[in-house]
Amino acid sequence: METDMFRNLFKKKSDKLADEIIQQAQEQGKVDDSLAVEKVVEEPKTWFDRLKDGLSRTRGGWVSAVGSIFGTGEITEEKLDDFEELLIQGDLGVTVAMELTDRLRDELEEGNLKTAEDVERILKNMIVKELTDDVSAIKINEKPFSVIVMVGINGVGKTTTIAKLTKLFQKLGKKCMLVAADTFRAGAVEQLEVWSERLGNVTVVKGHDNQDPASVAFDGIQKAKQSDVDIVLVDTAGRLHTQVNLMDEIKKIVRVIEKNCPEAPHEIFMVIDSTTGQNAVQQARSFHEAVNLSGLVVTKLDGTAKGGIVIGIHRELGVPIRFIGVGEQFEDLEHFNASEFTEALFVHSE
Ligand SMILES: Nc1nc2c(ncn2[C@@H]2O[C@H](COP(=O)(O)OP(=O)(O)O)[C@@H](O)[C@H]2O)c(=O)[nH]1
Ligand SMILES: [Mg+2]
């Protein structure tokens with residue numbers, strides 16, 4: 001019992017290392033002692049820490065410019081112009097960048113803009129407002145089951161996101177089924193199967209190579225009807241918004257699901273790679289026209305200084321951001337929360 005408690009302290013250490021340390025401690029008769037615990041205990045990172053770390057590059061861009069531009073001396077129109085330029089490059093999109101700076105100009109005129117802290121406070125308020133949607137909960141409790149379709153261009157993180165979402169849903173006690181409707185790329189099915197092994201307790205429905213993906217989706221729905229799953233996640237092949245045939249194909253997948261399961265698909269999420277920057281806006285617009293997206297998942301925020309895309313794309317599409325990804329591990333995906341995101345964006349290093 002005591003040993004178990006001790007072992008729990010080594011959450012991130014390998015079992016072998018934990019065993020060694022426990023054995024040493026036992027030999028010395030001080031299992032319950034603090035024995036160098038400070039040295040080896042690594043608290044698991046909280047989501048906020050992951051988010052904060054993930055946004056560090058973006059924070060190094062236009063966010064840190066708040067300090068470097070406005071930190072010393074008076075705040076002037078010229079400084080606001082410089083800042084506006086940086087905001088535009090930061091992938092907030094021209095509209096949002098101009099709105100933010102116009103508001104700062106107004107505040108300057110009214111005498112409310114004296115310090116970098118004033119600038120930051122105003123920006124934070126505006127960004128939170130911009131990103132806050134009045135939307136209902138994600139539909140994961142539908143009967144007999146919920147269907148979520150994942151769409152997007154190639155390599156953005158659709159399959160990984162499906163795995164991460166499954167992990168989140170499993171934590172909520174949901175039983176998940178994965179449908180491998182990416183029949184286009186060799187290895188796509190295997191990738192899903194590898195994830196499912198890591199996840200455990202998930203069924204993967206797959207077709208054969210080059211089977212019409214819509215018919216794999218059909219099979220998935222039929223199998224779900226015969227089982228007790230709660231959530232069906234449909235993985236699809238990556239496609240460019242300009243590839244007419246492939247865009248027709250995704251519409252067909254959605255249509256087949258609609259026909260065979262009333263109310264489904266309950267969610268259609270487009271996964272967007274934040275490193276794509278502003279190009280993602282046009283891509284997302286085309287997907288939205290084709291299949292009427294219910295939400296966006298923005299991934300790879302850890303690999304870009306263009307985290308402002310979250311704000312820009314939300315403005316352009318008016319589709320809620322539902323999840324954000326900040327890394328390749330299961331834990332690196334969470335529900336999107338506007339205040340938390342903004343807080344992490346502006347967090348100051350200790
Ligand atoms: N750094 C980082 N990598 C990610 C994230 N999400 C996915 N990836 C990686 O992006 C690559 C492509 O992911 P995949 O799920 O196969 O993309 P798909 O083609 O859209 O299905 C993989 O190497 C993933 O590990 C993320 O949030 N951060
Ligand atoms: Mg994939």
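Throughout, numbering of the chain's residues begins at 1 and tracks the sequence. Each ligand, and each atom within it, is numbered from 1 in the order the structure gives.
Below 3.5 Å of separation, one finds an N or O of Lys300 facing an N or O of ligand 1. For ligand 1, none of its N or O atoms has an N or O atom of Leu301 under 3.5 Å away. Considering both main-chain and side-chain atoms, Glu328 comes within under 3.5 Å of ligand 1 through a nitrogen or oxygen pair. Checking only distances, Thr161 never comes within under 3.5 Å of ligand 1, N or O to N or O.
Of all non-hydrogen atoms in Leu55 and Leu345, the two that sit nearest each other are CD1-N, 4.0 Å.
Side-chain atoms of Lys79 come within 3.5 Å of backbone atoms of Glu74 as a donor-acceptor pair (strictly under, hydrogens ignored).
Contacts between Thr160 and ligand 1, counted as non-hydrogen atom pairs separated by less than 4.0 Å, involve both the backbone and the side chain. With a 4.0 Å heavy-atom cut-off, ligand 1 is reached by the side chain of Lys164 but not by its N, CA, C or O.
Protein heavy atom closest to atom 18 (P) of ligand 1, with residue, atom name and distance, is Lys158 N, 3.4 Å. Among all protein heavy atoms, the one lying closest to atom 1 (N) of ligand 1 is Asp302 OD2, 2.7 Å.
Among the atoms of Thr159, an N, O or S atom falls under 2.8 Å of the Mg ion (ligand 2).
Taking a 4.0 Å cut-off on heavy atoms, Val271 fails to register as neighbouring ligand 1. Using 4.0 Å as the threshold, Asp332 has no heavy atom nearer than that to any atom of ligand 1. No heavy atom of Met150 sits closer than 4.0 Å to any atom of ligand 1. Under a 4.0 Å heavy-atom criterion, Gly155 is in contact with ligand 1.
Taking all heavy atoms of Gly325, Ala237, Gly327 into account, the minimum distance to atom 5 (C) of ligand 1 is reached by Gly327.
Judged purely by distance below 3.5 Å, without hydrogens or angles, the side chains of Asp53 and Ser56 never pair a donor atom with an acceptor atom. With no hydrogens or angles considered, a side-chain donor-acceptor pair links Arg185 and Gln191 at under 3.5 Å.
A cation-pi arrangement is absent between Arg239 and Phe184 under the rule of less than 6.0 angstrom and at most 45 degrees off the ring axis.
Listed by number with element, the atoms of ligand 1 under 4.0 Å from a non-hydrogen atom of Gly157 are 7 (C), 13 (O), 14 (P), 15 (O), 17 (O), 18 (P), 20 (O).
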